[in-house]
Amino acid sequence: MIDSSMSDNKPRLVVLISGSGSNLQSFIDACAEGTLNAQVAAVISNRAYVKGLDRAAAANIPNIAIDHRAFDSREEFDQNLGELIDSFAPDLVVLAGFMRILTPDFVNRFLGKLINIHPSLLPAYPGLHTHQRAIDAGDSEAGATVHFVTPELDGGPSVLQARVPLLANDTADSLAQRVLSFEHSIYPKVAQWFCEGRLAMVNGQAYLDGKALPEQGIIFSENSEQ
Ligand code: NHR
Ligand code: GAR
């Protein structure tokens with residue numbers, strides 16, 4: 001009897017986190033529901049005792065904290081992190097609220113199989129404090145973008161972008177919550193495209209089904225089922 005839920009042959013994801021891990025949870029749930037035909041092989045956090053590690057443990061997923069402060073340099077941390085990730089033989093490495101800038105050597109080690117979700121409408125607002133920056137600028141829209149990671153911070157090619165209205169009484173927190181609920185829809189979807197072999201980065205350009213994607217990626221709507 002073949003159990004179709006068997007995870008042995010499924011594409012392997014390693015998810016990197018720094019905190020709450022609600023995006024990680026969306027991956028765990030999507031794998032359990034079968035909308036993402038993959039397995040979370042490991043969860044790695046650069047901070048110990050964060051909620052995301054508990055979420056992994058609750059789902060019986062190997063979970064490891066590797067504290068960047070224990071290393072003398074970014075290069076040394078990234079070298080150790082890279083080896084740890086490779087020990088789980090991932091097909092795709094997923095940054096999900098991971099808060100450390102990665103060195104070019106690390107990025108190049110996983111180039112083409114390293115993705116991130118960034119809480120802005122890239123190319124607007126790379127870096128930190130994106131929601132406050134959108135509010136301060138008086139923008140009418142905000143959102144999140146899934147992109148391939150390149151050495152340039154938040155500068156890799158976009159794949160899928162969710163847009164939400166920015167409301168007059170929004171705070172950075174209220175906006176973050178509205179955006180986060182869309183993150184949970186778009187991020188596992190991009191991973192599924194990758195695992196199906198439909199999505200790739202070639203020469204710094206993102207392709208879906210062989211077609212080059214526009215600068216901001218695909219704009220998500222409920223029927224961007226693709
Ligand atoms: N690394 C590279 N090379 N390229 C990217 O596109 C990356 C990356 C590492 C992380 C996530 C990113 C985001 O989506 C990401 C994308 C951390 C910082 C940061 O300034 C900025 C962007 C992102 C993640 N981190 C501080 C640092 O010194 C630490 C901040 C903290 O610990 O709170 O590394 O926004
Ligand atoms: C998410 O909003 C993600 O886009 C953002 O942090 C949050 C993590 O939430 N990422 C960054 O800001 C990366 N610098 P989560 O831990 O609940 O998934």
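Just so you know, ligand 1 is whichever comes first in the structure, and atom 1 is the first atom listed for that ligand.
The environment of CD in Gln205 is crowded: more than 12 heavy-atom neighbours from other residues, nucleotides or ligands sit within 6.0 Å.
Between the side chain of Arg178 and the backbone N or O of Leu166 there is no donor-acceptor pair closer than 3.5 Å.
For ligand 1, the polar-atom distance check against Met99 finds a nitrogen or oxygen pair separated by under 3.5 Å. Residue Leu128 has no nitrogen or oxygen atom sitting less than 3.5 Å from a nitrogen or oxygen atom of ligand 1, judged on distance alone. Distances between N or O atoms of Val107 and those of ligand 1 include no value under 3.5 Å.
No side-chain heavy atom of Phe98 sits less than 4.5 Å from a side-chain heavy atom of Asn116.
Classified by interplanar angle (parallel below 30°, tilted 30° to 60°, perpendicular above 60°), the ring pair His68/Phe77 is perpendicular.
For atom 11 (C) of ligand 1, the closest non-hydrogen atom of the protein is Asn116 ND2, 3.4 Å. Atom 1 (N) of ligand 1 has its closest protein heavy atom at Leu102 N, 3.1 Å. Of the protein's heavy atoms, Asp154 OD1, 3.5 Å lies nearest to atom 12 (C) of ligand 1. The single protein non-hydrogen atom nearest to atom 23 (C) of ligand 1 is Leu153 CD1, 4.1 Å, given as residue, atom name and distance.
Under the salt bridge (Lys or Arg N to Asp or Glu O under 4.0 Å) criterion, Asp86 pairs with Arg109, not counting sequence neighbours. Applying the side chain to side chain donor-acceptor pair (under 3.5 Å) criterion to His184, with sequence neighbours excluded, gives Ser22. Residues that satisfy the side chain to side chain donor-acceptor pair (under 3.5 Å) test with Glu83, not counting sequence neighbours, are Gln79.
In the candidate list Thr145, Leu114, Ile101, Thr103, Ile101 is nearest to atom 19 (C) of ligand 1, counting heavy atoms. Here the shortest heavy-atom distance to atom 35 (O) of ligand 1, taken over His68, Arg100, His118, belongs to His118.
Residue Ile117 touches ligand 1 through its backbone alone, judged by heavy-atom distances below 4.0 Å. Under 4.0 angstrom from ligand 1, the non-hydrogen atoms of Thr150 all belong to its backbone. When heavy-atom distances to ligand 1 are checked against a 4.0 Å cut-off, Arg74 comes that close only through its side chain, counted from C-beta outward.
Looking at every heavy atom in both residues, Pro90 comes nearest to Val14 through CB-CG2, 3.7 Å. Taking each heavy atom of Thr150 and Leu111 in turn, the nearest pair found is CA-CD1, 4.5 Å. Of all the heavy atoms in Val50 and Ser18, the pair that sits closest is CG1-O, 3.4 Å. Among all heavy-atom pairs drawn from Gly52 and Leu24, the shortest one is O-CD2, 3.3 Å. Considering all non-hydrogen atoms of both residues, Ile28 and Ala59 come closest at CG2-CB, 3.8 Å. Taking each heavy atom of Leu128 and Arg133 in turn, the nearest pair found is O-NH1, 2.7 Å.
Within ligand 1, counting atoms from 1 as listed, the ones closer than 4.0 Å to a heavy atom of Phe98 are 11 (C), 24 (C). Of all atoms in ligand 1, listed by their number and element, those nearer than 4.0 Å to a heavy atom of Arg47 are 32 (O). Ligand 1 places these atoms under 4.0 Å from at least one heavy atom of Pro151: 3 (N). Near Glu152, meaning under 4.0 Å from any of its heavy atoms, are these atoms of ligand 1: 4 (N), 6 (O). With ligand atoms numbered from 1 in the order given, ligand 1 contributes 2 (C), 4 (N), 5 (C), 6 (O) to contacts under 4.0 Å with heavy atoms of Val149. In the vicinity of His147, heavy-atom distances shorter than 4.0 Å reach the ligand 1 atoms 6 (O). The atoms of ligand 1 that sit less than 4.0 Å from any heavy atom of Gly127 are 35 (O).
A salt bridge is defined here as a Lys NZ or Arg NE, NH1 or NH2 lying under 4.0 Å from an Asp or Glu carboxylate O, and Asp67 with Arg69 meets this definition.
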Verdict with supporting geometry, Leu160 and Trp193, side-chain contact (heavy atoms from CB on, under 4.5 Å):
CA-CA 11 Å; Leu160 185 57; Trp193 290 344; 4.1 Å; yes

Short N or O contacts of ligand 2 with protein, under 3.5 Å, listed by atom name?
from     : atom 1 : to     : atom 2 : distance (Å)
ligand 2 : 2 (O)  : Glu183 : OE1    : 3.2
ligand 2 : 2 (O)  : Glu183 : OE2    : 2.9
ligand 2 : 4 (O)  : Glu183 : OE1    : 2.8
ligand 2 : 4 (O)  : Glu183 : OE2    : 3.2
ligand 2 : 16 (O) : Gly21  : N      : 2.8
ligand 2 : 17 (O) : Ser20  : OG     : 3.4
ligand 2 : 17 (O) : Ser22  : N      : 2.8
ligand 2 : 17 (O) : Ser22  : OG     : 2.6
ligand 2 : 18 (O) : Ser22  : N      : 3.4
ligand 2 : 18 (O) : Asn23  : N      : 2.9
ligand 2 : 18 (O) : Asn23  : ND2    : 3.0

